[in-house]
Amino acid sequence: MIDLSTLAPPAPAAEPNDATPKRVWFHTFGCQMNEYDTGKMRAQLRIDGYQDAAAPDEADLILLNTCSIREKAQVKVDSALGHYRRLKRLGQPVVIGVAGCVAQQEGQALLTRYPDLDLVFGPDGVPHVRKLVEEARSGRRVLDTDFLDLEAYPFVSDLDPSVDGIGAFVTIQKGCDNKCTFCIVPATRGAEASRPSTQVIDEVRGLVGKGVQEITLIGQNVNSYGLKTPGEVTFAQLLYEVAAVPGVSRIRYTTSHPRDMGDDVVAAYRDLPALASHLHLPVQSGSSAVLRRMKRFYTREHYLDVVNKLRAARPDLALTTDVIVGFPGETDDDFDATMALLDEAQFVTSFSFKYSQRPDTAALRLKDPVPDDVASERLSRWQVAQRVRSLAWTRGHEDQEVEVIIEGPSRHEPTVLCGRTSGNLMVNFPGDPSLVGRSALVRVTRGFTNTARGELIA
Ligand code: 5AD
Ligand code: SF4
């Protein structure tokens, strides 16, 4: 009989299982979800001895975590990949992988197009990144674009070892069940699954233990959190649970869908001082006719109604949004309705895009495309008006005292500190770097388009 007591116990999962140092270079494109997924891959590969490479030409493994939301994003991936493949052709023994939404969308076509690519996997490959990398290192070309079972989706619990600041993301769901007609995300990230709230809270606690104070909950449509899972809390209840974790000073979240923004979430703005006075609420268009063709399932009036309720609960709420111009069938009147919304809803900043045709999306079948020059002209009209409004917002802070959490010294001027207000305004002011991590009262002296200058009061 074997004496089990003489056998070494299995290495704990979090211990590196390979002493040889290996270097990984991550190149992340796109949204916060991708940044977060990269952090989770970093955490898992650390178990196998991978440290971050200082530069791509020192890496044993290069992973591109890609975005396909618009055509431009995809073009950037192709050019980066060209650069990394050259390193390999010059003799660097490196495994190159493409992860994320472009990988999911193109799959085998990427491997065919790029013969020196070793590994292609979609967002659902992230939990298995160790196995996928190991297979690729053994010389096989690996493709994994299968979606995982939603019932027991293996959300990764290891913390990103590179988190060392004031703020961190925590994923609360994956995928999206909506079918906005312009959007490729449901095809690349699959159906929605909510992460168990116990896991969310554990991750928040772990991050607070690393000095994080500001938590941003992320998901494609956070308002529908928990609704498909019997017994799970709602999104509003999750906000209260996160706010109750000792050490959490601020909570943000993204992304919200205006159709699903319930009164319980509005009430949280009344009840929870830790809930930031900033909300990103993508409207996409100010025309109800366009919203119908986008299958957003709300009207301009509903959107404004939600905004009014939120402002009644939190008068200083800073609202930001996403806008798409040039969607098929968008008339001058439709676009004027979007422009008018800028003033009515008072967006402090926005991300604005020209509509971009995406493969396998319903909008491809819509008639009346908007000519590119018209779309470009609309985009620049929106952006000019937005800059004016953004500047008015930051200038509106001049001579006021605001509370900020100090995130760090400025990258360009080490004697200047950067602090963020609850409304998401970044204020730069002279101060001692030992104050990083503290809350401070700052008087704003000058507002610029996206940031402000100030002086420390206390
Ligand atoms: N074209 C242009 N913008 C798009 N977005 C999503 N899909 C497209 C597309 N096909 C924008 C939306 C979304 C943001 C993340 O990207 O505004 O809210
Ligand atoms: Fe795309 Fe709409 Fe889902 Fe957002 S809610 S990810 S825009 S389908």
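Each ligand, and each atom within it, is numbered from 1 in the order the structure gives. All values below come from the heavy atoms of this structure, side chains included, with hydrogens, waters and symmetry mates left out.
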Are any of the side-chain nitrogens in [X] or [Y] under 4.0 Å away from the carboxylate oxygens of its partner?
| X | Y | result |
| --- | --- | --- |
| Glu330 | Arg378 | yes |
| Lys174 | Asp124 | yes |
| Lys228 | Glu192 | no |
| Asp263 | Lys309 | yes |
| Arg195 | Glu203 | yes |

Note to self: Does Arg70 qualify as a cation-pi partner of Phe353, given the criterion of NZ or CZ under 6.0 Å from the six-membered ring centre and within 45 degrees of its axis?
What the structure shows: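 Judged by the rule (NZ or CZ under 6.0 Å from the ring centre, within 45° of its axis), Arg70 counts as positioned above Phe353.
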Margin query: At less than 4.0 angstrom from any atom of ligand 1, which residues have a non-hydrogen atom? List them by chain and residue number.
Written below: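 Residues Ile69, Arg70, Phe182, Gln284, Asp322, Ile324, Phe353, Lys354, Tyr355, Ser356, Arg358 each place a heavy atom under 4.0 Å from ligand 1, listed by chain and number.
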Item checked: Stepwise salt bridge (Lys or Arg N to Asp or Glu O under 4.0 Å) check, Asp160 with Lys40 -> CA-CA 6 Å; Asp160 175 358; Lys40 291 299 184 187; over 6 Å; no
Margin query: Tell me whether the rings of Phe327 and Phe182 are parallel (<30°), tilted (30 to 60°) or perpendicular (>60°).
Written below: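 Correct class here is perpendicular.
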Item checked: Residue-atom pairs from the protein, N, O or S only, that lie under 2.8 Å from atom 2 (Fe) of ligand 2 ->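 Near atom 2 (Fe) of ligand 2, below 2.8 Å, one finds Cys180 SG.
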Note to self: Quick check: Phe351 with His280 (ring centres under 6.0 Å apart)?
What the structure shows: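 Ring-ring flag for His280/Phe351: true, centres closer than 6.0 Å.
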